[in-house]
Colleague: 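Have a look at this one before I ask anything.
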Amino acid sequence: MNPIDIIIKKKNKEKLTYDEIAYMVNGYIDGSVANYQMSSLLMAICLNGMDFDETYYLTDVMLKSGDVLDFSDIEGIKVDKHSTGGVGDKVTIALAPIVASIGIKFPKMSGRGLGHTGGTIDKLESIKGFNCYIGEERFRDNLRNIGVAIGGQTKNLVPADKLLYALRDVTGTVESIPLIASSIMSKKLASGADIISIDVKVGSGAFMKNIDDARLLAKTMVELGKKYNKKVITTLTDMSTPLGNNIGNSLEIIEAVKTLKGEVDNDFSQLVFYFAKNIVKSALKVDDDKAVELVKESIESGKAYNKLLDIVKYQDGDISYINDINNIPLAKNIIEVKSEKSGYVDNLDAYKLGHLACSLGAGRIKLEDSIDYSVGIVLVKKRGDYVKNGDTLLKLYSNCDDNSIYVKEAIDAYSFSDNKKDNKLILDVIY
Ligand code: URA
């Protein structure tokens with residue numbers, strides 16, 4: 001076997017065998033397959049796809065590239081939630097403490113930003129000292145003691161995905177159903193949860209731009225789960241517009257903290273509530289009303305907020321960042337971008353705003369890029385809001401001195417209409 005023949009096979013739209021996929025993936029890990037060869041294969045997969053068998057082979061090879069966690073010695077039902085990635089999607093940061101404060105174990109494996117989307121690990125690392133790489137022993141201890149631990153992929157947990165994820169991020173090979181399904185499912189299957197809840201984002205700011213592709217991705221992940229006897233629940237949610245008001249690492253931590261204090265009422269807080277309610281329902285086997293009551297109580301009593309403090313403390317973070325969000329450093333320039341039109345905000349394009357946030361420094365363009373946690377965007381006007389000419393649409397948090405190009409990009413992301421349109425946040429549920 002050699003890498004070139006395998007790349008050519010996929011270039012010619014032929015089906016790869018288990019052994020060929022294993023040869024490439026394991027070779028990439030041990031260095032015998034070069035960066036450019038793996039990139040080339042990834043691009044061929046992006047362009048020519050993979051059928052279900054190949055997707056399953058890839059998932060299995062990735063899953064077996066490292067350790068598979070087993071939390072069966074820790075009491076209680078374990079739930080994991082994952083998002084396919086979006087703009088302003090900080091759901092995990094608010095959801096994890098709510099679910100854990102209700103007594104459901106939440107072992108969470110998260111990722112970094114990918115393409116124009118942000119990642120939970122980058123967001124959490126914007127809290128001074130926060131450590132997502134605490135090692136398996138501490139991860140287990142935290143899960144046992146406080147009911148929740150949030151980890152980044154370690155060297156040993158699906159190392160294949162760790163390497164491929166970073167490579168895809170910088171080679172334009174993210175948007176592919178088999179690559180996304182195998183990346184997510186290999187991690188979820190390795191991370192030892194009993195229930196896997198996946199938020200499949202749909203729209204311009206998501207990797208799945210239309211509902212049909214999103215359904216196919218969702219069904220692929222549900223079917224992959226069945227191969228390993230795992231229950232996978234997928235929820236398709238709108239990502240044509242950013243989730244919540246804040247985009248950018250520190251800004252998103254601020255919005256999550258405020259949500260746990262009950263100070264936010266927007267699409268983000270609604271989605272957190274929705275996932276929390278459904279996780280509580282399936283983990284504790286209670287009805288809708290009871291689940292809603294438990295989630296409300298967790299927020300109103302301050303238990304969820306205190307659980308976030310625990311998470312930060314147990315993972316070496318500086319809790320003064322959470323205790324007083326004014327301690328969180330933000331960019332030196334705040335530029336108010338004004339509307340040049342009047343009307344209802346018809347859309348504000350999640351993809352364009354995700355890119356804008358990345359250009360400001362909130363995400364990576366190259367593998368070795370570092371992130372500026374302090375930059376981002378605060379949306380003042382969201383979809384459905386009425387705007388008058390001259391009103392502030394959004395605020396840019398920037399460390400650049402000349403922001404004229406960003407202001408133009410921000411204005412371009414908005415479109416207006418004379419009438420307010422209805423929008424749905426939850427589009428479908430597949431399991
Ligand atoms: N999230 C992942 O973990 N992997 C992908 O490929 C896309 C989103």
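Read the numbers this way: they start at 1 and go in the same order the structure lists the ligands and their atoms.
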Colleague: Could you tell me whether K201 sits above the aromatic face of F207, with NZ or CZ closer than 6.0 angstrom to the six-membered ring centre and within 45 degrees of the axis?
Modeller: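 No, a cation-pi geometry is absent between K201 and F207.
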Colleague: Report the residues that fulfil salt bridge (Lys or Arg N to Asp or Glu O under 4.0 Å) with K108, sequence neighbours left out, ordered by chain and then residue number.
Modeller: none
Colleague: Identify, for atom 8 (C) of ligand 1, the protein heavy atom at the shortest distance, and state residue, atom and that distance.
Modeller: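 Ranking protein heavy atoms by distance from atom 8 (C) of ligand 1, first comes T84 O, 3.2 Å.
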Colleague: Looking only at protein heavy atoms, which one is nearest to atom 7 (C) of ligand 1, and how far off is it?
Modeller: L114 CD2, 3.6 Å
Colleague: Are K381 and Y414 in a cation-pi setup, meaning NZ or CZ lies under 6.0 angstrom from the ring centre and within 45 degrees of the ring axis?
Modeller: no
Colleague: Just need the protein heavy atom nearest to atom 5 (C) of ligand 1, so name the residue and atom and give the distance.
Modeller: S183 OG, 3.5 Å
Colleague: Taking 4.0 angstrom as the limit and counting only heavy atoms of H82, give me the atoms of ligand 1 inside it, by number and element.
Modeller: 1 (N), 2 (C), 3 (O)
Colleague: Would you mind telling me if ligand 1 is within reach of the side chain of I180, the backbone, both or neither, using heavy atoms under 4.0 Å?
Modeller: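 Within the 4.0 Å criterion, I180 contacts ligand 1 through backbone and side-chain atoms alike.
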Colleague: Please could you name the atoms of ligand 1 that R168 approaches to less than 4.0 Å, counting only its heavy atoms?
Modeller: 5 (C), 6 (O)
Colleague: Is the NZ or CZ atom of K90 positioned over F268's six-membered ring, under 6.0 angstrom from the centre and within 45° of the axis?
Modeller: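 Relative to the ring axis of F268, which defines the angle, K90 lies inside both limits.
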Colleague: Check each atom of ligand 1 against the heavy atoms of K187 and keep those under 4.0 Å away; list them by number with element.
Modeller: 2 (C), 3 (O), 4 (N)
Colleague: Within ligand 1, which atoms have a heavy atom of I184 less than 4.0 Å away?
Modeller: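 Counting from 1, the qualifying ligand atoms are 1 (N), 2 (C), 3 (O), 4 (N).
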Colleague: Would you kindly check if the NZ (Lys) or CZ (Arg) of K78 is within the cone defined by 45 degrees around the ring axis of F71 and under 6.0 Å from the six-membered ring centre?
Modeller: no
Colleague: Salt-bridge test for D73 and R144: reply yes if a basic N is under 4.0 Å from a carboxylate O, no otherwise.
Modeller: yes
